[in-house]
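Each chain gets a letter, A, B and so on, in the order its sequence line appears, and its residues count up from 1.
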2 protein chains.
Amino acid sequence: MLKVNKLTDYAVVVLCDLLRGQALRSAADLAQSSGVPLPTVSKILKQLARTGLLQSARGVNGGYGFAKSPDGISMTEVIEALEGPIAVTGCIEDSGDCEHLHECPMSGHWNAVNVAVRRSLDEVRLIDMLPEARFMDPEDLSRVIVARHAPAMQA
Amino acid sequence: MLKVNKLTDYAVVVLCDLLRGQALRSAADLAQSSGVPLPTVSKILKQLARTGLLQSARGVNGGYGFAKSPDGISMTEVIEALEGPIAVTGCIEDSGDCEHLHECPMSGHWNAVNVAVRRSLDEVRLIDMLPEARFMDPEDLSRVIVARHAPAMQA
DNA sequence: CACAAACAGGACTAAAACAGTACAGTATCT
DNA sequence: AGATACTGTACTGTTTTAGTCCTGTTTGTG
Ligand code: FES
Ligand code: FES
């Protein structure tokens with residue numbers, strides 16, 4: 001299926017939520033407003049902060065915010081933050097390039113596939129994913145997103 | 001990682017092998033020459049035949065061959081034959097389109113991601129993956145491919 | 001300073017997906 | 001008839017994923 005992790009799916013939901021009000025938001029707050037359960041949101045945000053996409057502040061009034069202007073963030077960045085480099089085959093490790101280029105006669109070819117996929121994801125920005133919320137009742141919005149993109153946490 | 005199944009990786013190896021001599025080849029023959037074990041090769045070929053990419057002939061002198069000219073086969077076809085439609089998120093089922101377009105405010109956006117990925121894979125053809133074998137000792141070739149793309153079956 | 005808010009890191013478990021194998025059945029050729 | 005070779009499906013052990021929880025650290029507030 002060439003599927004993305006569920007966590008990445010949730011992450012987009014949460015990030016879109018964070019995108020709406022650009023202030024520093026706590027994990028609990030985001031969990032509340034996105035409908036994704038707190039432990040999961042927390043896990044996602046920690047990872048995103050670790051990879052530098054978000055910045056975090058500890059202590060009272062702490063929370064998460066974008067580390068840079070969110071306008072330029074691409075889906076590549078989001079996916080790679082949560083799943084590591086986009087690598088279609090197992091032989092390609094963290095470097096992003098196949099480490100056996102010199103010995104495997106297929107290497108350059110699989111690399112070409114990776115590059116093609118990555119480039120296509122580069123062209124989709126996070127803000128392109130933002131739901132057109134202005135036309136919807138916020139509660140409906142939340143309900144539908146949870147139902148489809150965060151189905152695990154329904155009653 | 002956005003990774004493809006191991007079976008799909010093997011499939012490319014086996015298909016490249018089949019590409020070299022375009023005759024009808026038996027599963028056992030292909031297993032022998034590609035280094036992938038027979039049951040696995042058999043599973044892959046059966047699936048590829050089921051989805052129409054390959055044609056099969058039973059009985060003595062039977063085997064598998066391409067159902068159409070292999071020149072035009074894209075990676076999309078190979079991947080979809082083995083893993084089903086390319087769908088980055090779980091909400092997109094067999095149809096290839098998100099089935100909740102009318103109710104999910106994100107739907108069109110995820111679809112855009114899918115389309116972008118699929119298009120980029122459309123542009124990579126199977127014959128582009130063919131190892132440049134003419135420069136290599138066939139035994140080395142086989143050893144390296146097995147080591148990297150079919151690691152399960154090493155002694 | 002004590003306490004509460006909030007993030008950091010990692011360990012753990014249950015469930016799902018995958019890889020690989022096996023086997024009984026059917027078609028074809030000689 | 002018998003050998004070859006594909007077909008379909010079921011089974012099992014392993015690996016990955018999803019989700020939760022706990023313990024520690026940082027920071028603001030009274
Ligand atoms: S080892 Fe990386 S493509 Fe073959
Ligand atoms: S339900 Fe398919 S994109 Fe939201």
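- With sequence neighbours left out, A:R25 forms a side-chain contact (heavy atoms from CB on, under 4.5 Å) with A:D17, A:L18, A:D29, A:L30, A:S33.
- Checking the phosphate oxygens (OP1, OP2) of D:dA18, no side-chain nitrogen or oxygen of A:Y10 falls inside 4.0 Å.
- Shown here are the salt bridge (charged side-chain N to carboxylate O under 4.0 Å, His left out) partners of B:E80, two or more places apart in sequence or in another chain: B:R118.
- Within the structure, salt bridge (Lys or Arg N to Asp or Glu O under 4.0 Å) contacts touching residues 62-76 of chain A (residues at least two apart or in different chains) are A:K68-A:E77.
- If you measure from atom CG of A:L48 to atom C1' of C:dG9, you get 16 Å, rounded to the nearest angstrom.
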Show the distances under 3.5 angstrom between N or O atoms of the protein and N or O atoms of nucleotides 16-18 of chain C.
none

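- Looking only at distances, a side-chain donor or acceptor of B:N114 sits under 3.5 Å from a matching main-chain atom of B:V88.
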Each nucleotide of nucleotides 1-7 of chain C classed B (base within 4.0 Å of a protein heavy atom), S (only sugar-phosphate) or -, in 5' to 3' order, makes ---BBBS
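- In this structure, NZ of B:K43 is placed 11 Å from C1' of C:dA22, rounded to the nearest angstrom.
- Residues A:S69 and A:I73 share a closest heavy-atom pair of O-CG1, 4.1 Å.
- Taking atom CG of B:L7 as the reference point, atom C1' of C:dT21 lies 12 Å away to the nearest angstrom.
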Distance-only donor-acceptor pairs under 3.5 Å for side chains of residues 52-64 of chain A, two or more places apart:
none

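- Legend: salt bridge (Lys or Arg N to Asp or Glu O under 4.0 Å) pairs involving residues 45-56 of chain A, not counting sequence neighbours: none detected.
- The phosphate of C:dT21 (OP1 or OP2) has a side-chain N or O of B:T40 nearer than 4.0 angstrom.
- Taking atom CD1 of residue B:I44 and atom C1' of nucleotide D:dT9, one finds them 17 Å apart after rounding to whole Å.
- Applying the side-chain contact (heavy atoms from CB on, under 4.5 Å) test to B:A81 and every residue at least two apart in sequence or in another chain returns B:L48, B:T51.
- Protein atom CD of B:Q32 is 17 Å distant from nucleotide atom C1' of D:dT4, rounded to whole Å.
- Considering only residues two or more places apart in sequence or on other chains, B:D122 meets the salt bridge (charged side-chain N to carboxylate O under 4.0 Å, His left out) condition with none of them.
- Between A:Q47 atom CD and C:dG10 atom C1' the separation is 13 Å, expressed in whole Å.
- Whole-Å rounding puts the B:L38 CG to D:dC6 C1' distance at 11 Å.
- What separates CD of A:E83 from P of D:dT16 is a distance of 14 Å, to the nearest Å.
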